[in-house]
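For ligands, and for the atoms within them, numbers begin at 1 and follow the listed sequence. If you're wondering where the values come from, they're calculated on a predicted model, not measured in any experiment.
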Amino acid sequence: MSKETEFYNYITTLPETTLSQVRGKPHEVLKLIDEYPQNFMNIGPHKGTQIVTRIKEKAPKTMIELGGYLGYSAVLFANEIADDPDAKYYSFELNPEFAKIATYVIDLAGLLDKVEIIVGRASYTLPAFRQRLFSENKHYTGLDFIFIDHWKDLYVPDLRVLESLNLIAPGTLIVADNIITPGAPEYVVYVNFSPDEKKLYNETTKNPEGKEFIGRWNILYDTKTIEVATANHKDAIEVTKCVDYFSG
Ligand code: SAM
């Protein structure tokens, strides 16, 4: 049995006295995951706090994450928009088993009305999601917040998907995890490209997530790698703002 399924069995069979102490309390639910004797590949409290600070500054309305896993980051970040009736968090998760566990975790935290889990490969589910956003809100111009935290070799291909679908626009804040450990060097290079470098890369590098998702060379990013040291390892998040479209 996988450690994730073991965790599901653990959390769903906790005594009602314990459940009633954590129900509707996002940070108490996260503590159950932090204190569980197995390590999970979630954002965790150190890097999570750094990202929460940026979410507080931005007060985003439409947030997405690529890679939902057990719902840890969804609970931590969607908690920041819990009181905003116009804000919503969309969690893209490939694995239906993980999505089932995340649904339970998010529900226990009292955030199921704020978070929608979209199951499937992000590059397959994003086009329909984009259609929905554009048809629900005629004035919609781009996502406010994107958390990239799925498989590292998909960071650049899926960023190109997001760019191609016009989901990234001036004002969009993108945070990517695991920049040092295990590392996402191609991603850091991509968000630092000049328009000319990006144009050349996009025209000469086929996107494995779909050749139609070439990317947008004229999107200008302002980006910074922020190191976050934890007790047992060093890692970094990449914080990237879409600042403008290059026009010259
Ligand atoms: N963001 C989560 C957190 O902090 O709690 C951790 C995400 S975990 C590092 C990576 C997740 O990405 C896994 O659950 C995996 O199934 C999912 N994943 C991998 N490739 C994906 C894809 N193409 N689309 C959506 N999810 C994907």
Side-chain angles (χ1 to χ4, degrees), residues 2-8 11 26-27 29-36 38-52 54-55 63-80 89-109 111 114-130 143 145-162 164-165 167 174-184 186-187 207-210 213 228 230 233 235-239:
S2 72
K3 64 179 178 181
E4 289 83 5
T5 303
E6 275 177 22
F7 173 72
Y8 181 70
I11 197 166
H27 287 286
V29 172
L30 295 180
K31 223 193 261 176
L32 283 180
I33 303 177
D34 288 332
E35 290 172 359
Y36 188 74
Q38 293 264 18
N39 276 334
F40 294 118
M41 52 176 171
N42 54 47
I43 189 70
H46 299 282
K47 289 181 284 177
T49 305
Q50 293 277 336
I51 301 171
V52 164
R54 284 159 178 89
I55 295 172
M63 309 171 76
I64 73 162
E65 70 180 2
L66 304 186
Y69 195 40
L70 309 183
Y72 189 106
S73 49
V75 167
L76 184 61
F77 302 153
N79 184 37
E80 294 304 316
Y89 195 96
Y90 300 90
S91 175
F92 290 79
E93 174 49 51
L94 177 69
N95 182 324
E97 187 61 23
F98 294 163
K100 181 184 84 178
I101 303 170
T103 303
Y104 184 86
V105 167
I106 294 163
D107 191 24
L108 188 59
L111 290 167
K114 280 282 137 197
V115 182
E116 178 179 332
I117 301 177
I118 298 176
V119 183
R121 193 174 180 102
S123 58
Y124 295 176
T125 54
L126 278 166
F129 168 72
R130 180 232 189 233
L143 297 170
F145 174 87
I146 299 169
F147 180 47
I148 302 183
D149 190 23
H150 55 343
W151 302 151
K152 308 316 148 210
D153 58 339
L154 290 178
Y155 279 23
V156 172
D158 279 345
L159 181 62
R160 292 172 73 188
V161 172
L162 292 164
S164 302
L165 292 171
L167 287 166
I174 307 162
V175 178
D177 188 27
N178 302 121
I179 294 304
I180 296 179
T181 317
E186 303 85 1
Y187 179 81
N207 189 342
E209 290 306 284
F213 300 123
V228 187
T230 65
H233 75 294
D235 199 359
I237 51 172
E238 186 72 20
V239 178

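The proximity of F40 to ligand 1, defined as any non-hydrogen pair under 4.0 Å, does not occur for either the backbone or the side chain. The proximity of L66 to ligand 1, defined as any non-hydrogen pair under 4.0 Å, does not occur for either the backbone or the side chain. The proximity of Y72 to ligand 1, defined as any non-hydrogen pair under 4.0 Å, involves the side chain as well as the backbone.
Protein heavy atom nearest atom 16 (O) of ligand 1, with residue, atom name and distance: E93 OE2, 2.6 Å. Counting protein heavy atoms only, atom 9 (C) of ligand 1 is closest to M41 O, 3.1 Å. Considering only non-hydrogen protein atoms, atom 18 (N) of ligand 1 sits nearest to H150 CB, 3.6 Å. In terms of protein heavy-atom proximity, atom 10 (C) of ligand 1 is nearest to D149 O, 3.2 Å. For atom 24 (N) of ligand 1, the closest non-hydrogen atom of the protein is A122 N, 3.0 Å. For atom 3 (C) of ligand 1, the closest non-hydrogen atom of the protein is S73 OG, 3.1 Å. For atom 23 (N) of ligand 1, the nearest protein heavy atom (residue, atom name, distance) is L154 CD1, 3.4 Å. Residue, atom and distance of the protein heavy atom nearest to atom 4 (O) of ligand 1 are I43 N, 2.8 Å.
Proximity of a side-chain donor or acceptor of E65 to a complementary backbone N or O of S91 within less than 3.5 Å is not detected. Side chain of N207 to backbone of F213: a donor-acceptor contact under 3.5 angstrom is found. Remark: the backbone N or O of V228 is not paired with any side-chain donor or acceptor of D235 at under 3.5 angstrom.
E186 CD to D153 CG: the interatomic distance, rounded to the nearest 0.5 Å, is 8.5 Å. Within the model, atoms CD1 of I148 and CD1 of I237 stand 12.5 Å from one another, a figure rounded to the nearest 0.5 Å. With rounding to the nearest 0.5 angstrom, the NE2 atom of H233 is 5.0 Å from the OG1 atom of T181.
The N/O atoms of F147, backbone and side chain alike, include none that comes under 3.5 Å of an N/O atom in ligand 1. At a 3.5 angstrom cut-off on N or O pairs, L94 counts as close to ligand 1.
The aromatic ring centres of Y36 and F7 sit less than 6.0 Å apart.
In this structure, G44 does not count as a contact residue of ligand 1, since none of its heavy atoms falls inside 4.0 Å of the ligand.
Heavy atoms of other residues, nucleotides or ligands lying less than 6.0 angstrom from NZ of K31 number 12 at most.
Ring geometry for Y155 versus H150: interplanar angle under 30°, hence parallel rather than tilted (30 to 60°).
Per-residue contacts place R121 under 4.0 angstrom from the following atoms of ligand 1 (heavy atoms of the residue considered): 23 (N), 24 (N). Residue G120 has at least one heavy-atom neighbour below 4.0 Å for each of these atoms of ligand 1: 24 (N), 25 (C). Interface of N42 with ligand 1, defined as ligand atoms under 4.0 Å from a residue heavy atom, comprises 3 (C), 4 (O), 5 (O).
For Y8 and E97, the side-chain atoms include no donor-acceptor pair closer than 3.5 Å.
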- Any chance you could lay out the side chain to side chain contact (heavy atoms under 4.5 Å, CB included) test for Y104 and I101, step after step, and finish with the verdict? CA-CA 5 Å; Y104 184 86; I101 303 170; 5.7 Å; no
